[in-house]
Amino acid sequence: MNWKTFLAPYAQVVEELKVKLRGMRSQFEHETNHSPIEFVTGRVKPISSIKEKMNRKNIPMDKIESDLQDIAGVRVVCQFVDDIYDIVERLKSRQDFVVIEERDYIRRKKESGYRSYHLIIEYPVETIHGTKFLVAEIQIRTLAMNFWATNEHSLNYKYAGQMPEKVQARLKNAAEAAFKLDEEMSKIKDEILEAQRVYHSNKENHT
Ligand code: 0O2
């Protein structure tokens, strides 16, 4: 397996999706005073993680393209929970890729406490051999969900699947606290948006 050759089109998918999603963000900023998108990141899964996941999930080499769905991954981070559902609807109605699976880990959080909305898409990418339809994952989550998931991911890495129960319990509490924060912020969303509008228009008047 030549991994560099295999992963090159996936790297292109990540780059194209980042441009498109960041484009949505700036369009929102120009046309409205609030962008539901705070920031967008993306990555190609490292080869070591690909191999680890193939082993863990028993995915043979000839099924990698269909069964390993997050080789190309982008993440959209939003301010409010409502924004996530707004973005999901917009992404589902786009013409440049097809959503083939949806996982709402917000209404149905994972056992770990993980919350996020995942869209699995089929993305047509142009290669020197013609169009290739590659599977990619878009994760959409709030800033609070992202804070939690980033910290939990680091701890998982540190403990390599042997996380002490005490730490697991603390993480579960932290997940609920992060979600409570999202809920509380949603209740004063209109006030926050109004404050941000005033702040931005004052800033513009001074430039
Ligand atoms: P990385 O390092 O983020 O690339 P599985 O691995 O069995 O849970 P599956 O079936 O491929 O996953 O699909 P799922 O759960 O929809 O998506 C997997 C990805 O979602 C993970 O990728 C994480 O990015 C994220 N994720 C899912 N569950 C958790 C969780 O409990 N905690 C955190 N921090 N992230 C989670 P990878 O492969 O783990 O790796």
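Along the sequence shown, the residues carry numbers beginning at 1. Whatever order the structure lists ligands and atoms in, that order sets their numbers, starting from 1.
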Visitor: Check whether any protein heavy atom sits under 4.0 Å from atom 28 (N) of ligand 1.
Guide: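 So far as the 4.0 Å threshold goes, atom 28 (N) of ligand 1 is in reach of a protein heavy atom.
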Visitor: Which ligand 1 atoms are under 4.0 Å away from a heavy-atom of R103?
Guide: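 Near R103, meaning under 4.0 Å from one of its heavy atoms, ligand 1 has 13 (O), 14 (P), 16 (O).
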Visitor: Which residue and non-hydrogen atom of the protein lie closest to atom 26 (N) of ligand 1, and at what distance in Å?
Guide: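 Its nearest protein heavy-atom neighbour is Y114 CZ, 3.4 Å.
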Visitor: Just jot down the ligand 1 atoms closer than 4.0 angstrom to any heavy atom of K53, in number order.
Guide: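 Every atom of ligand 1 under 4.0 Å from some heavy atom of K53: 6 (O), 9 (P), 11 (O), 12 (O), 18 (C), 38 (O).
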Visitor: Which residue holds the protein heavy atom closest to atom 8 (O) of ligand 1, what is that atom called, and what is the gap in Å?
Guide: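 Closest protein heavy atom to atom 8 (O) of ligand 1: K110 NZ, 2.9 Å.
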Visitor: Suppose I only count heavy atoms of A149 and a 4.0 Å limit; which atoms of ligand 1 are within that range?
Guide: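 Near A149, meaning under 4.0 Å from one of its heavy atoms, ligand 1 has 34 (N).
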Visitor: Identify the protein heavy atom lying closest to atom 4 (O) of ligand 1, giving its residue, its atom name and the separation to 0.1 Å.
Guide: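 Ranked first by proximity to atom 4 (O) of ligand 1 is R43 NH2, 2.7 Å.
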Visitor: If you measure every N/O of H153 against every N/O of ligand 1, is any gap under 3.5 Å?
Guide: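 Min N/O separation from ligand 1 is below 3.5 Å for H153.
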Visitor: Could you pull out the closest heavy-atom pair between V88 and L119, with the gap in Å?
Guide: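 Answer, listing the atom of V88 first, then L119: CG1-CD2, 4.3 Å.
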Visitor: Between E111 and K172, does any side-chain N to carboxylate O distance fall below 4.0 Å?
Guide: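 K172 and E111: salt-bridged.
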Visitor: Mind checking whether S112 has an N or O less than 3.5 Å away from an N or O of ligand 1?
Guide: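 Checking ligand 1 against S112, an N or O pair does fall under 3.5 Å apart.
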Visitor: For the residue pair Q12 and E126, confirm or rule out a side-chain donor-acceptor distance under 3.5 Å.
Guide: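 Side chains of Q12 and E126: no pair found under 3.5 Å.
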Visitor: Near K45, which atoms of ligand 1 are under 4.0 Å from a heavy atom of that residue?
Guide: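 Answer for ligand 1: 1 (P), 4 (O), 37 (P), 38 (O), 40 (O).
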Visitor: Starting from atom 33 (C) of ligand 1, find the nearest protein heavy-atom neighbour and note its residue, name and distance.
Guide: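 Heavy-atom neighbour on the protein nearest atom 33 (C) of ligand 1: E152 OE1, 3.2 Å.
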Visitor: Thinking salt bridges, do D70 and K53 make one under a 4.0 Å N-O criterion?
Guide: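 Looking at K53 together with D70, the answer is yes, because their closest N to O distance falls below 4.0 Å.
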Visitor: Please report which non-hydrogen protein atom sits nearest to atom 22 (O) of ligand 1, along with the residue it belongs to and the distance in Å to one decimal place.
Guide: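 Result: D70 OD2, 3.4 Å.
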Visitor: Taking R141 first and then E38, would you say they form a salt bridge - that is, a charged N and a carboxylate O separated by under 4.0 Å?
Guide: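 Judged by the 4.0 Å cut-off on N to carboxylate O distance, R141 and E38 do not form a salt bridge.
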Visitor: Closest non-hydrogen protein atom to atom 20 (O) of ligand 1, residue and atom name please, with distance?
Guide: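 Going by distance alone, atom 20 (O) of ligand 1 is nearest to H118 CE1, 3.0 Å.
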Visitor: At under 4.0 Å between heavy atoms, which part of Q69 makes contact with ligand 1: side chain, backbone, both or neither?
Guide: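 It is neither; nothing of Q69 touches ligand 1.
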Visitor: Any side-chain heavy atom of H34 within less than 4.5 Å of one from E29?
Guide: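 Contact flag for H34/E29 side chains = no.
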Visitor: Which of the numbered atoms in ligand 1 are below 4.0 angstrom from a heavy atom of Y105?
Guide: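 Heavy-atom distances to Y105 below 4.0 Å select 14 (P), 15 (O), 16 (O).
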Visitor: Counting distance only, does the side-chain N/O of D83 pair as donor-acceptor with the main-chain N or O of F80 below 3.5 Å?
Guide: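 A pair under 3.5 Å: yes.
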Visitor: Note the single closest protein heavy atom to atom 9 (P) of ligand 1, along with its residue, its atom name and the distance in Å.
Guide: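 Among all protein heavy atoms, the one nearest atom 9 (P) of ligand 1 is K57 NZ, 3.4 Å.
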Visitor: When you check the side-chain N and O atoms of Y123 and K20, is any donor under 3.5 Å from an acceptor?
Guide: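 Distance-only check passes for Y123 and K20.
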Visitor: Please give me the minimum heavy-atom distance between A175 and G113, naming the atom from each residue.
Guide: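 The answer is CB-O, 3.5 Å.
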Visitor: Salt bridge check: are R170 and E152 linked by an N-O gap of less than 4.0 Å?
Guide: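 No, this pair does not count.
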Visitor: Might you point out which heavy atoms bring I37 and V40 nearest each other, and give the distance in Å?
Guide: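 Shortest heavy-atom contact: CG2-CG2, 3.8 Å.
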Visitor: Could you tell me whether N156 and ligand 1 have an N or O pair separated by under 3.5 Å?
Guide: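 No, there is no polar N/O contact under 3.5 Å.
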Visitor: With a 4.0 Å cut-off on heavy atoms, does E111 reach ligand 1?
Guide: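 No, E111 has no heavy atoms under 4.0 Å from ligand 1.
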Visitor: Quick test of your reading of the model: are R108 and D104 salt-bridged, counting only N-O distances below 4.0 Å?
Guide: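 Here R108 does not pair with D104 in a salt bridge, since their nearest N and O are not under 4.0 Å apart.
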Visitor: In the protein, which heavy atom is nearest to atom 24 (O) of ligand 1, and how far is it?
Guide: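 Of the protein heavy atoms, Q139 NE2, 3.0 Å lies nearest.
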